[in-house]
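Quick note: residue numbers are just sequence positions, from 1. Counting starts at 1 for both ligands and their atoms, following the listed order.
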Amino acid sequence: MFQAIYLDHAATTPTDPRVVEAMQPYFSEFYGNPSSPHRFGRKAERAIELARDTIAEILHCPRGAIVFTGCGTESDNLALRGPVVAAKMTGKRARVITAKTEHHAVSATAAQIGATMDTDVTFLPVTREGIVTPDALRSALQVGPVDAVTIVSVMYGNNEVGTIQPIRELAAVAHQYGALFHTDAVQAGGQLPMDVQALGVDMLSLSAHKFYGPKGVGLLYVREGVPLLSAQTGGGQENDRRSGTHNVPLIVGLARALELAYTSLAARAADYARHRDRLILEIPRLIPGTHLTGSAERLPNHASCVFEGVNGNTLLMHLDMAGIAASSGSACNTGNPEPSEVLLTMGYPSALALGSLRLTVGRQTTDAEIDRVLEVLPDAVAKLRSVKVTPVES
Ligand code: PLP
């Protein structure tokens, strides 16, 4: 009997025991509130500042540019809403430019900003591979309200299809037109280089649970000088950009996880890519009617495809019964009977978009596990294709 195989690392990763160990003392031993002036508070504050230093070194930014948040979703919300609120406070117009292939933390936030904050929102077209081209962004920036504070948000690596966006080029185009550039790097965290200077971005979101850190903690890098006013008011922590008592153990865990992930990034990415490439090569060979989704430039751990004549959600149940945990796209959308908006935006017809599968490998993935997936998957797909649906008599 095979042990369960976890190939859903894009949804979340297990917390590394070394991260748990680093966090442990900050629950019950060093429990002070970092905002308190006494020794208990100072001990906690020191832990947060050490965490900030570790992260600043990896991101190549000043320590004050890091804002700790409660998750990737919150970081994305702050990146989009913060500059809009700041613009409104000074009587300026605002504009958000993004794409429907973004995670809902960005696309739904942009839509809500458009509906409620008297702000223009533009959704950019993408290629069949899910890429936002610099030309598409340039065309959007050439029209629209002049003098508006414009925030462009394009993700670093896509959660459903793994596509890596040309972030440097897109950020450069945004800057040519005086716009701010944010990237949601939640899926890229622990997989791709994270030097914010080299990327040229003004804001960048990360979430610890995607790179073997704890759930419920994230960060937003905000370049100095970016006008950002949080809609969340309160105690003024994080330089007024994220009010609320710091979650010290989780922040310590975030920094430790990032440190571990970036200590041997290249070797680990190569390991991931070896497993991924076996999946990408073998699945279309073994299963006719398979179309790989995403681009050649894809996240190292990410394989995704659509199968003709298969329902992705039913396939997931079959795989689960065989002990394989996978996803049909975004974890938030798994089980949703509607086709993925990401695949529809990329130009896939609904029927095909419904047959999607995402396999994302991780640190513990073995060759034997990939062998097992390649053994089980063709049978599961064939079985689903052989089922004839009998129309219900009325
Ligand atoms: N952005 C992307 C690309 C994601 O994949 C996710 C989570 O899956 C998020 C944002 C949200 O992060 P969190 O789960 O920390 O809220």
Side-chain angles (χ1 to χ4, degrees), residues 6-15 19 55 67-81 98-112 126 130-132 153-165 167 170 182-192 194 199 201 203-221 232 242 244 247 250-251 253-255 257-258 261 293-295 298-304 325-336 340-343 345-346 356 358-362:
Y6 185 74
L7 287 181
D8 199 12
H9 292 85
T12 197
T13 57
T15 309
V19 171
I55 295 164
V67 181
F68 292 117
T69 65
C71 58
T73 301
E74 188 189 330
S75 303
D76 288 343
N77 269 263
L78 182 58
L80 265 58
R81 292 180 197 280
T98 184
K100 290 202 170 142
T101 42
E102 294 289 311
H103 190 277
H104 281 159
V106 167
S107 59
T109 303
Q112 198 191 65
V126 300
I131 295 170
V132 172
S153 183
V154 180
M155 71 209 308
Y156 198 173
N158 184 275
N159 51 307
E160 284 192 39
V161 295
T163 298
I164 298 175
Q165 299 287 356
I167 294 301
L170 292 169
H182 164 252
T183 191
D184 172 342
V186 168
Q187 286 295 333
Q191 298 208 56
L192 301 180
M194 211 47 70
L199 288 168
V201 297
M203 293 178 282
L204 176 144
S205 304
L206 283 173
S207 175
H209 75 101
K210 306 293 187 181
F211 46 86
Y212 297 82
K215 294 169 186 57
V217 62
L219 68 83
L220 181 68
Y221 156 75
Q232 179 168 310
R242 205 282 187 169
N247 194 330
L250 265 61
I251 290 170
L254 162 64
L258 200 67
T293 51
S295 69
R298 57 172 52 245
L299 290 169
N301 78 335
H302 195 120
S304 57
S327 161
S328 61
S330 144
C332 319
N333 273 346
T334 296
N336 183 346
S340 141
E341 195 169 16
V342 171
L343 291 174
T345 306
M346 286 163 62
S356 64
R358 176 182 79 179
L359 298 166
T360 44
V361 306

Ligand 1 versus [X], non-hydrogen atoms closer than 4.0 Å: side chain, backbone, both, neither?
X    : result
K210 : side chain
S207 : side chain
N159 : side chain
D76  : side chain

Non-hydrogen atoms of E74 versus ligand 1: any pair closer than 4.0 Å?
-> no

Would you say H209 contacts ligand 1, with heavy atoms under 4.0 Å as the rule?
-> yes

Do any nitrogen or oxygen atoms of V186 lie less than 3.5 angstrom from nitrogen or oxygen atoms of ligand 1?
-> no

Evaluate side chain to side chain contact (heavy atoms under 4.5 Å, CB included) for M155 paired with T101, printing each intermediate quantity in order.
-> CA-CA 9 Å; M155 71 209 308; T101 42; 5.5 Å; no

Whether the side chain of [X] engages the backbone of [Y] through a donor-acceptor N/O pair (distance < 3.5 Å, no angle test) should be reported.
X    : Y    : result
K210 : A11  : yes
Q165 : G130 : yes
T360 : H302 : no
T98  : S153 : yes

Quick one: list whatever passes side-chain hydrogen bond (donor to acceptor under 3.5 Å, both in side chains) with H9, sequence neighbours left out.
-> none

Across all chains, not counting sequence neighbours, the side-chain hydrogen bond (donor to acceptor under 3.5 Å, both in side chains) partners of T69 are S75

List every atom of ligand 1 that sits less than 4.0 Å from any heavy atom of T73, numbering the atoms from 1 in the order shown and giving each element.
-> 11 (C), 12 (O), 13 (P), 16 (O)

Sub-4.0 Å atoms of ligand 1 with respect to non-hydrogen atoms of M155 = 3 (C)

